[in-house]
Colleague: 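Next up is a structure, given as structure tokens.
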Amino acid sequence: MHEYHIVEGIIKQILEKAKSSNAKKITSVTLVLGELSGFKKDSIRIYFDNFAKENLLEGAKLIIKPVKSKLKCQDCGTIFEHQKSNFNCPKCHGLGILTNSGKEFYIDNIEIES
């Protein structure tokens, strides 16, 4: 449910940008969504579709680009993709700690018709 307000804010940003670009219609929106962002892809789609009614976004395609979380090995410094329930470095088997990768949630691209 916390996706509601986040998506509402993103929709406002998209519509403001489109209006300032004199868009007649928005054809697609690409969002980047990190697996550790705390947001659910399905909920984002539902709220996006609801907010995209009777405005420039109606009928726009929503593309969600997933970003995997990454870990950094405490021993050798290698950065590697986090595998479910495995925090070990593939290079030296040291313990990996979370980085900021995978926490992303932002607008990557907006395609419009002018």
Colleague: Name every donor-acceptor pair, under 3.5 Å, that has one atom in a side chain of residues 28-40 and the other anywhere in the protein, sequence neighbours excluded.
Modeller:
| residue | atom | partner | partner atom | Å |
| --- | --- | --- | --- | --- |
| E35 | OE2 | S69 | N | 2.7 |
| E35 | OE2 | S69 | OG | 2.6 |
| S37 | OG | G34 | O | 2.9 |
| S37 | OG | F39 | N | 3.2 |

Colleague: With sequence neighbours left out, which residue pairs that include part of residues 50-69 fulfil the ring pair (Phe, Tyr, Trp, His ring centres under 6.0 Å) condition?
Modeller: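 Qualifying pairs: Y4-F51.
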
Colleague: Going by ring pair (Phe, Tyr, Trp, His ring centres under 6.0 Å), name the pairs with one or both residues in residues 63-83, residues two or more places apart or in two chains.
Modeller: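 Qualifying pairs: H82-F87.
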
Colleague: State plainly whether one hydrophobic cluster holds both I6 and L57, where clusters connect Ile, Leu, Val, Met, Phe, Trp and Tyr through side-chain heavy atoms under 4.5 angstrom apart.
Modeller: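 Cluster IDs for I6 and L57 match.
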
Colleague: Evaluate the side-chain proximity of I11 to Y47: yes if any heavy-atom separation is below 4.5 Å, no if none is.
Modeller: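 Result no, sub-4.5 Å side-chain heavy-atom pair not found.
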
Colleague: Which residues, ordered by chain and number, are linked to I79 in its hydrophobic cluster, where ILVMFWY side chains connect at heavy-atom gaps below 4.5 Å, directly or through other members?
Modeller: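 ILVMFWY cluster around I79 holds nothing else.
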
Colleague: What's the shortest heavy-atom distance between C73 and C76, and which atoms?
Modeller: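 That would be SG-N, 3.4 Å.
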
Colleague: Can you measure from CD (Q83) to NZ (K68) and round to the nearest 0.5 angstrom?
Modeller: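 Taking CD in Q83 and NZ in K68, the distance rounds to 6.0 Å.
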
Colleague: What's the spacing between L56 CG and I26 CD1 if we round to 0.5 Å?
Modeller: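 Between L56 CG and I26 CD1, I get 5.0 Å after rounding to 0.5 Å.
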
Colleague: Under a single-linkage definition using a 4.5 Å side-chain heavy-atom cutoff for Ile, Leu, Val, Met, Phe, Trp and Tyr, are L15 and I10 assigned to the same hydrophobic cluster?
Modeller: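 L15 clusters together with I10.
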
Colleague: Does atom NZ of K103 have more than 12 heavy-atom neighbours, drawn from other residues, nucleotides or ligands, at distances under 6.0 Å?
Modeller: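 Yes.
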
Colleague: Enumerate, atom names and distances included, each donor-acceptor pair closer than 3.5 Å involving a side-chain atom of residues 16-25, sequence neighbours excluded.
Modeller:
| residue | atom | partner | partner atom | Å |
| --- | --- | --- | --- | --- |
| S20 | OG | E16 | O | 3.4 |
| S20 | OG | K17 | O | 2.9 |
| S21 | OG | K17 | O | 3.0 |
| K25 | NZ | E58 | O | 2.6 |

Colleague: Does any pair with a residue in residues 75-100 pass salt bridge (Lys or Arg N to Asp or Glu O under 4.0 Å), and if so which ones, sequence neighbours excluded?
Modeller: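 Qualifying pairs, neighbours excluded: none.
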
Colleague: Look up atom CD in Q74 and atom CG in L95, then write down how far apart they are to the nearest 0.5 Å.
Modeller: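 Answer for the CD-CG pair, Q74 versus L95, is 5.0 Å.
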
Colleague: What I'd like to find out is whether the side chain of T99 reaches to under 4.5 Å of the side chain of L71, using heavy atoms alone.
Modeller: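 They are not in side-chain contact.
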
Colleague: Which donor-acceptor pairs under 3.5 Å do side chains of residues 104-114 form with protein atoms, sequence neighbours excluded?
Modeller:
| residue | atom | partner | partner atom | Å |
| --- | --- | --- | --- | --- |
| E104 | OE1 | G102 | N | 2.7 |
| D108 | OD2 | K65 | NZ | 2.9 |

Colleague: Say you draw a straight line from CG of L62 to CD1 of I46; how long is it, rounded to the nearest 0.5 Å?
Modeller: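 It comes to 11.5 Å.
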
